[in-house]
Amino acid sequence: MMTVQMRLSGDPAEIEVMVKVLAVVFQLDGSGLLYTNRGSAGVRCYLTARIPNKHDRSEPSTPDLHR
């Protein structure tokens with residue numbers, strides 16, 4: 001199974017939308033925690049994305065984003 005680790009950085013509301021969009025295609029895992037960026041505006045979060053097999057596509061898996 002193909003797995004990619006991602007770091008999303010930006011406005012919290014935009015990250016929340018992006019995670020929902022990514023969850024349509026990928027199976028997402030991660031803590032869903034948002035961390036304040038050091039030295040720049042916005043926040044960041046870390047996710048692991050996998051391409052689900054055909055048996056895993058019942059529902060998108062979106063980590064809860066805590067602010």
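- Within the 3.5 Å criterion, the main-chain N or O of Met2 finds no donor-acceptor partner in the side chain of Arg50.
- You'll find the side chain of Tyr35 stays beyond 4.5 Å of the side chain of Val43, heavy atoms only.
- Taking CG from Leu33 and SG from Cys45, the interatomic distance works out to 9.0 Å, rounded to the nearest 0.5 Å.
- Between Met18 and Met6, every side-chain heavy-atom pair lies at or beyond the 4.5 Å cut-off.
- Taken to the nearest 0.5 Å, the OH atom of Tyr46 stands 10.0 Å off from the CG atom of Leu8.
- A distance of 9.0 Å separates CG in Leu28 from OG1 in Thr48, rounded to the nearest 0.5 Å.
- Residue Leu47 holds its CG atom at 12.0 Å from CD of Gln27, rounded to the nearest 0.5 Å.
- Put simply, CG on Leu34 and OG1 on Thr36 are 8.5 Å apart, with the number rounded to the nearest 0.5 Å.
- Shortest non-hydrogen contact noted between Phe26 and Pro52 is CA-CD, 4.2 Å.
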